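Worksheet: the structure to be examined is printed underneath.
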Amino acid sequence: MLCRNENLMSIQISSQLRCRYTNNNRNPLLLIAPLKEEEAFFSPRIILYRDVLYDNEIEVIKRMAQPRLKRATVQNYKTGELEFADYRISKSAWLKEHEDVVVANVAKRVEVMTGLTTETAEELQVVNYGVGGHYDPHYDFARTEEINAFKSLGTGNRIATVLFYMSDVAQGGATVFPWLGVALQPVKGTAAVWFNLYPSGNGDLRTRHAACPVLQGSKWVCNKWLHEAGQEFRRPCDPKENIQETTSR
Ligand SMILES: O=C(O)CCC(=O)C(=O)O
Ligand SMILES: [Fe+2]
């Protein structure tokens, strides 16, 4: 329903959402050029940052990724192995920061947007969806029973997601949060940001999301997944907010 552009968000919520220029608590890098911040949801907080990836950077990222694109995989939660799945149809590639200054700059911008470190983040994942490409509802964080997920990285769970849209999509291709009634339409240069974990470290089930099938055109995104390690002073934990996971995929 959300994929069909049906508006499921209550007017009580949507009428409260605001947009503003922000320098994220007087970050010196943002005093002259503040970010354009747009609220997409309050709890959990989902923020859109407009015009944070420039066309020339997008060209570089696409050009680097193109020869390396391979069918995207998902992690088997029991074994930790990567495998193909019908519920994720797209092609993806990973880019390292040292390969090009553009990739390094994206990581720096993610730090400015989130106030978190990217030291422990995954490499930049570039994803291309053709017509029919989609990703069924999922969580970006590893759930309690997924003991092997991210184990090899040794940096904890995926605390936050930064999803950059590198194209507009003529029809379809929205990122939707079924439990929130939120649908984000891809706009080239925009980034969507949300925390996947509560301050307690438990996964926030409300962040379940999906990429709707592309109906016309092609969709390009890139993902930066930030991990828990190194964020201790940037986003302090709060054991009080110890909300348990209750449902599963
Ligand atoms: O492509 C999108 O809109 C969302 C992608 C996504 O959720 C993911 O790659 O984990
Ligand atoms: Fe995701």
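Ligands are counted one by one from 1 in listed order, and the atoms in each one are counted from 1 as well. No experiment lies behind these values; they were computed from the predicted model shown.
There is a side-chain donor-acceptor pair under 3.5 Å between Y165 and T175. Counting only N and O atoms by type, the side chains of S43 and R206 include a donor and acceptor under 3.5 Å apart. With 3.5 Å as the limit, one finds no donor-acceptor pair spanning the side chains of D140 and T207.
The contact set between ligand 1 and H209, taken as ligand atoms under 4.0 Å from a residue heavy atom, comprises 7 (O). Residue contact check: A211 has heavy atoms under 4.0 Å from atoms 1 (O), 2 (C), 3 (O), 4 (C) of ligand 1. Numbered from 1 in the order shown, with element, the atoms of ligand 1 that lie under 4.0 Å from a heavy atom of R88 read 9 (O).
A donor-acceptor distance shorter than 3.5 angstrom exists from the side chain of N128 to the backbone of K219, with no hydrogens or angles considered.
A distance of 6.0 Å separates CD of Q75 from CG of L82, quoted to the nearest 0.5 Å. With values rounded to the nearest 0.5 angstrom, D136 atom CG is found 8.5 Å from Y87 atom OH. One finds the CG atom of L8 at 11.5 Å from the CD1 atom of I13 (value rounded to the nearest 0.5 Å). With rounding to the nearest 0.5 Å, the separation of CD1 in I159 from CG in N196 is 9.0 Å.
Atom 2 (C) of ligand 1 has K219 NZ, 3.2 Å as its closest protein atom, hydrogens excluded (heavy atom only). Protein heavy atom in closest approach to atom 3 (O) of ligand 1: T175 OG1, 2.5 Å. Given atom 9 (O) of ligand 1, the protein heavy atom at minimum distance is N223 ND2, 3.2 Å. The protein heavy atom nearest to atom 1 (O) of ligand 1 is Y129 OH, 2.6 Å.
Under the 4.0 angstrom criterion for non-hydrogen atoms, W225 is in contact with ligand 1. Distances from ligand 1 to the non-hydrogen atoms of D140 include at least one value under 4.0 Å.
For D140, the N/O/S atom at the shortest distance from the Fe ion (ligand 2) is named OD1.
To the nearest 10 degrees, the Fe ion (ligand 2) sees NE2 of H138 and NE2 of H209 at an angle of 90°.
Between W194 and F177, the ring center distance clears the sub-6.0 Å criterion.
Inclusion of Y135 in the set of residues having an N or O under 3.5 Å from an N or O of ligand 1 is not warranted. On a distance-only criterion, H138 and ligand 1 share at least one N/O pair closer than 3.5 Å. Here's the thing with Q125: none of its N/O atoms is less than 3.5 angstrom from an N/O atom of ligand 1.
Y139 and F141 have tilted rings, their planes meeting at an angle from 30° to 60° on a 0 to 90° scale.
By the criterion of a heavy-atom distance under 4.0 Å, neither the backbone nor the side chain of L184 is placed next to ligand 1.
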